[in-house]
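Per chain, numbering begins at 1; letters A, B, ... match sequence-line order. The figures that follow rest on heavy atoms only: side chains count, while hydrogens, waters and symmetry mates do not. The shown structure was predicted, so the numbers you read here are calculated from the model rather than taken from an experiment.
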Amino acid sequence: MDLKSSINLPKTSFPMKANLPQNEPKTLARWEEMGLYHRIRQARKGAKQYVLHDGPPYANGPIHLGHALNKCLKDFVVKSKNMAGFDAPYIPGWDCHGLPIEIKVDQKLGGKKLQMQPLDVRLECRKYAKKFLDLQREQFKRIGVVGRFEKPYSTMTPEYESVVLATFYNFFEKGFVYKGLRPVYWCMHDRTALAEAEVEYETHTSPTVWVKYKLQSDPRTIDPALADARIHKDKPVFTIIWTTTPWTLPASLAVAFHPDEEYVALEATDGIYIVAEKLAKNVAAKCGFPDAPVIASFPGRLMENTWFYHPFLPWERRKVLGVVADYVTMDTGTGVVHTAPSHGAEDFATGVRYKLDPTCEVDSAGRIQNGLPEYDGLLVFKANPVIIELLKSRGALLHEEKVEHSYPHCWRCHNPVIFRATEQWFISMETPMGGGTFRTRALEEIKKVKWDPAWGEERISNMVDTRPDWCISRQRVWGVPIAVFVCTECKKPLNDPAVNKKVVDLFATKGADAWYTREADTLANGAKCPCGGGSFQREADILDVWFESGCSYLVEVEHEANYPWPSDLYLEGGDQYRGWFMSSLLCSIGAKGSTPYKSVATPGWTLDEQGRAMSKSRGNDVDPADIANRLGGEIVRLWVASVDFREDVVGSENLMQRIAENYRAVRNNLFKNCLGNLYDFTADKAVPFEQMPAIDQYILRLTAEVAADVARWYEEFAFHKIYQRVNHFCTVELSAFYADIVKDRLYTYAPNSLGRRSAQTALWRICEAMVRLLAPIMSFTCDEVWQYLGAIQAREESVHLAKFPSAADVLGSSSVSTEDAQQLQEWTTLRSVRDQVLKALEEARNQKQIGKSLEAQVKLIASDAMYPVLERHRDELRYLFIVSQVTLEKSPSGNGTNPLTVEVSKADGQKCDRCWNYSVHVGEDKEYPTVCERCSAVLNEWSLAGKA
RNA sequence: GCAGGAUUAGCUCGAAGGUCGAGCCCGCGAUCGAUAAUCGCGAGGUGUUGGUUCGAUUCCAACAUCCUGCACCA
């Protein structure tokens, strides 16, 4: 008889090699065909809801690893919630409007754009956004993300745009909105405001001048020494400013000093000059009084609220105020900064603090208006030399140089740009609201949210607390227009709810494009401006895209049946504290009075192996689509699960390879091993827990513990703990321990024996538990395993329709206690004994005493404490150690130093040809002369069964 | 500059005021009945400098390096 054919070797068509890149698309097709997402919705209908609201990625390129991290995490959350029994929908979204796309389209269109109608430009932008929405959608699906992809939300649809506009009107009608000045980058050539992203820094040669401003105030208020010098020697007091933009001097309204830096007064022949101490030497040298002595020294704050004469404008027309500002630096210039509120962001802020007039006297073409005859009407750069001459003629110019520095230029026409204060729309953070202000309400709402990690609360609170009013207007085309009519008489915006309602309705049917058609004009027909005017113009500005995306959950609640308010979770990168988390909070408080999210989770940034931020331009990026194509989408998912996403995460080719190795361990040690040994098993053959050998009970209790941990970790979003624990379970507990030991029973026992069926039952229950527990992460593989498990017991069509296992599922009965402290204690001891035995076997192996462990026998000499446990499991020990014989002895009492001694020697008897154990009984059975007593029993039973 | 975060084995992680630990990687070996698998053994670590403490990788302070967001370059 062929002994080998009497062995129950594992058998399965579940391939060791996953071939993920080839097989995953087939799985995706199957999910698509069965309508998996909607089947899950159906299956959970009526259950408690859990809504993760998707933050919309920007549709302007293929996905990067950060996107993959983000979407996989969300997929883990959504799938695990569904499997925990919640009704957890997932509607992905895209952010489609905004500057980056408009810039790309601009580049494509070139000069043509300036001749095109807004509607045509918008159509081009729409096509561009759609292209990348479609691409990203396919890429997200490819890495196994399941959601309502056929009907996502997108910020460029009529239903979305109309809610955005309605939300804006809500702010507008309640008095949150005002128009005001703000400095922006301005291209004189193209006559347009530029965004930061449209500014390129190029080298530019500028004149640079040192200009003196004469003090008008009484110098004694600053320092008596100044007064003494002045009175005794009749010298005027000056300060000196330094600038590279002489054309801004007509707008000079203040000179700024650093409050805490030390300033000195230098006595030159023609006057006394106040400059920063740290720069005094340099300034004095340049300005022609290198040896002027210091006659006074004082902190800059004493200069606050002093007055100076303007270098060329008369006192009646211009008074220059001394101010203090923290941004004044001591590395270049004079330590005194000329301040023109209409021509710089910091200057503007200073202007606000000191109530300086920010009116801009430079028009959209870059010409100075309302100036002195010398420079009136000149383009700013043309005005530079003229103003320098003017300074000279007034005796205000101390020094002049040319300087090469990097200066902002227009990305399109490459002309230098200027800063210019322009009219913009704002939402005031100080709008009165609910007993406080918009800002204080926002701060209160922040406290109601669970921030994860916890520092998020402090971070966003700081930002909301200090942020300026929200500038919501952009001089752009690709977005939702600020659809307001402006009175042609008084230039004031019309705020008529009836008209507003009509515009929203129009947007709801025809989209925001309708604003750019004649039809829009008719909406204001019959309306009256409070000034009496009845003719209106359409406002051309569009809304900040953050305002749009901030409305996303308002849109969902408006359009999805029974969506809860607020949502359960927002999950986005740390850059969204200032972005989407904030804009969503503000829009929702404005519209509904409360936060749109119960909790917010924040993954870290994706870095390369050197810890540098990943970026395409740097070339250190890992492309998730490429990994999916070469290694499998499952590997991307597993990588996401492996890292602690709350910190910055590292991604690299190397790491992905590592993950792929780990994947194989789970696939083989867990799934293939289980399936291979279950080929002749069905659910009705399962052995009840009470009848199982101790080790089978032990491994099932261990599995139940893992199941409980994993379920808890899903709730905590601690996916990396799941990854680590499952890995450990598969390799150490299951493969190296249980599976290795139980092989003997599975292979050599009679197929239907209790021992074999029990081991199969254990493997089956482990497999059933793990396939469910891992499904949210290893979505492809678990679904694949699921198909194989169908042969054992009927089940749902996809694992993603199933629920997580309970302890009773794992143990096979609800009457079995989950924990057995004594059993656990015993097995901890047994495993540590096993470790010592394995060590001893290795030594014997190194000394060439044995090869495989079955060639050995082991003698254990145990202390009084250890002995009873070993005694109780005496008959199992040889299987536990995978040796042929074990003898157990008590160590002589009194010798308490060594709890256990292990002695290894060659096994007695001969090797059984069938089970490879050594036995002194080999040859006793005449029928099967090369076989041990265990195998002969099996074989006899077998032939008996054969006869019957 | 402001705000927030990080630093533990080659990599990814976990724990904790009391000899840190896991998996992977690596080295050596076993096996060839889970075989492009499986098993065993081994090697290897708390950023720097101070402080609190009997004891600090953990608590505190400073420094360094890195990451994110914001501001700024007159």
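- Side-chain proximity of A/D644 to B/rU35, B/rG14, B/rG4: nearest is B/rG14.
- Residue-level contact check: A/I7 touches the bases, meaning some heavy atom is under 4.0 Å from a base atom.
- In this structure, A/R578 places its CZ atom 16 Å from P of B/rU68, rounding to the nearest Å.
- Across all strands shown, B/rG44 forms no Watson-Crick or G-U wobble pair with both key distances under 3.5 Å.
- Following rounding to the nearest Å, A/F645 (CZ) and B/rG14 (P) show an atom-to-atom distance of 12 Å.
- Listed nucleotides B/rC67, B/rA22, B/rG40 differ in distance to A/H728; the shortest reach to its side chain belongs to B/rA22.
- The residue among A/N662 and A/E458 whose nearest nucleotide of RNA chain B lies closer to the 5′ end is A/E458.
- When both distances must be under 3.5 Å, the Watson-Crick or G-U wobble mate of B/rC13 is B/rG21.
- Rounded to the nearest 0.5 angstrom, A/D709 CG and A/R712 CZ are separated by 5.0 Å.
- When the side-chain nitrogen and oxygen atoms of A/H720 are compared with OP1 and OP2 of B/rU12, none of them lie within a distance under 4.0 Å.
- The residue A/S652 sits apart from the nucleic acid: no heavy atom pair falls under 4.0 Å.
- Nucleic acid contact class of A/R834 (heavy atoms, under 4.0 Å, all strands): none.
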Practice prompt. Let me see the working for A/F419 and A/W186 under ring pair (Phe, Tyr, Trp, His ring centres under 6.0 Å), right down to the final yes or no.
Written response: CA-CA 6 Å; A/F419 246 110; A/W186 189 269; over 10 Å; no
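- Checked against the 6.0 Å centroid criterion, the rings of A/W713 and A/F719 do not qualify as a close aromatic pair.
- Counting non-hydrogen atoms under 4.0 angstrom, A/K17 reaches a base of the nucleic acid.
- B/rU7 and B/rU46: their P atoms are spaced 15 Å apart (whole Å).
- Rounded to whole Å, the separation between the C1' atoms of B/rG44 and B/rG21 comes to 13 Å.
- A donor-acceptor contact under 3.5 Å is not formed by the side chain of A/K721 with the base of B/rG14.
- Residue A/N669 places at least one side-chain N or O closer than 4.0 Å to OP1 or OP2 of B/rU38.
- Nucleotide B/rA61: paired with B/rU49 (Watson-Crick or G-U wobble, both distances less than 3.5 Å).
- Taking atom C1' in both B/rU35 and B/rU31, the straight-line distance is 10 Å, to the nearest Å.
- The CG atom of A/L397 lies 9.0 Å from the SG atom of A/C287; values are rounded to the nearest 0.5 Å.
- A close approach under 4.0 Å does not occur between any side-chain nitrogen or oxygen of A/K848 and OP1 or OP2 of B/rG29.
- Residue A/N668 is classed as a base contact, given a heavy-atom separation below 4.0 Å to a base.
- Side-chain N/O atoms of A/N917 and A/R878 include a donor and acceptor closer than 3.5 Å.
- Distance, A/E843 CD to B/rC28 C1': 15 Å, rounded to whole Å.
- Here the separation of B/rA71 from B/rA16, taken at their P atoms, is 40 Å to the nearest Å.
- Spacing between atom CG of A/L9 and atom P of B/rU38 amounts to 17 Å, rounded to whole angstrom units.
- Regarding contacts with the backbone of B/rG42, a side-chain N or O of A/K839 is found under 4.0 angstrom from either OP1 or OP2.
- Heavy-atom nearest nucleotides on RNA chain B were determined for A/G611 and for A/R459, and the one closer to the 5' end corresponds to A/G611.
- Taking the centre of each ring, A/W242 and A/H338 stay at or above the 6.0 Å mark.
- With hydrogens and angles left out, the side chain of A/S735 and the base of B/rA34 share a donor-acceptor pair within 3.5 Å.
- Counting only heavy atoms from C-beta on, A/A736 has its side chain closest to B/rC39 among B/rG4, B/rC39, B/rC13.
- Counting to the nearest Å, the P atom of B/rU31 and the NZ atom of A/K743 are 13 Å from each other.
- Nucleic acid contact class of A/E346 (heavy atoms, under 4.0 Å, all strands): sugar-phosphate only.
- In this structure, A/R667 atom CZ and B/rU35 atom P are separated by 13 Å, rounded to whole Å.
- Separation of atoms OG (A/S206) and CD (A/E401) is listed at 12.5 Å; rounding is to 0.5 Å.
- At the heavy-atom level, A/G333 lies nowhere under 4.0 Å from the strands shown.
- Counting any heavy atom pair closer than 4.0 Å across all strands shown, A/A345 reaches sugar-phosphate atoms only and no base atom.
- For A/E647 and B/rA6, the CD to P distance is 6 Å, given to the nearest whole Å.
- For B/rA56, there is no paired nucleotide, since no Watson-Crick or G-U wobble pair has both relevant distances below 3.5 Å.
- The distance from the CD1 atom of A/I882 to the CG atom of A/D744 is 8.5 Å, given to the nearest 0.5 Å.
- Residue-level contact check: A/D913 touches the bases, meaning some heavy atom is under 4.0 Å from a base atom.
- Contact between the side-chain N/O atoms of A/Y747 and the OP1/OP2 oxygens of B/rA34 is found at a separation under 4.0 Å.
- If you take atom C1' in B/rG50 and the same atom in B/rG45, they sit 23 Å apart, rounded to whole Å.
- Contact annotation for A/N727: backbone-only contact, meaning every heavy-atom pair under 4.0 Å involves sugar-phosphate atoms and none involves a base.
- Of all nucleotides listed (B/rG10, B/rC67, B/rA34), B/rA34 comes nearest to the side chain of A/P10.
- With A/H343 as the fixed residue, the ring-ring contact (aromatic ring centres under 6.0 Å, His included) test singles out one of A/Y185, A/W247, A/F348: A/W247.
- When the C1' atom is used for both B/rC59 and B/rG18, the distance is 15 Å, rounded to whole Å.
- For A/E661, the listed nucleotide lying nearest its side chain is B/rC25; candidates were B/rA30, B/rG23, B/rC25.
- When Watson-Crick and G-U wobble pairs are counted only if both distances are under 3.5 Å, B/rC70 pairs with B/rG1.
- In this structure, A/I635 places its CD1 atom 17 Å from P of B/rU12, rounding to the nearest Å.
- Using atom P as the reference point in both B/rU12 and B/rU19, the two lie 26 Å apart (nearest Å).
- Comparing the P positions of B/rC63 and B/rA3 gives a spacing of 13 Å, expressed to the nearest Å.
- When each of B/rG33, B/rG69, B/rU12 is scored by its nearest atom to the side-chain atoms of A/K4, the top-ranked nucleotide is B/rG33.
- In this entry B/rA36 has no Watson-Crick or G-U wobble partner, no candidate having both defining distances under 3.5 Å.
- When each of A/N8, A/V938, A/N677 is paired with A/R756, the side chain to side chain contact (heavy atoms under 4.5 Å, CB included) condition holds for A/N8 and for no other.
- Stacking between A/W916 and B/rG33 is shown: the ring centroid lies under 5.5 Å from the centre of the six-membered base ring, and the planes differ by under 30°.
- Among the heavy atoms of the strands lying under 4.0 Å from A/T329 is at least one base atom, whether or not backbone atoms are also near.
- Within the 4.0 angstrom heavy-atom criterion, no nucleotide atom of any strand lies near A/Q610.
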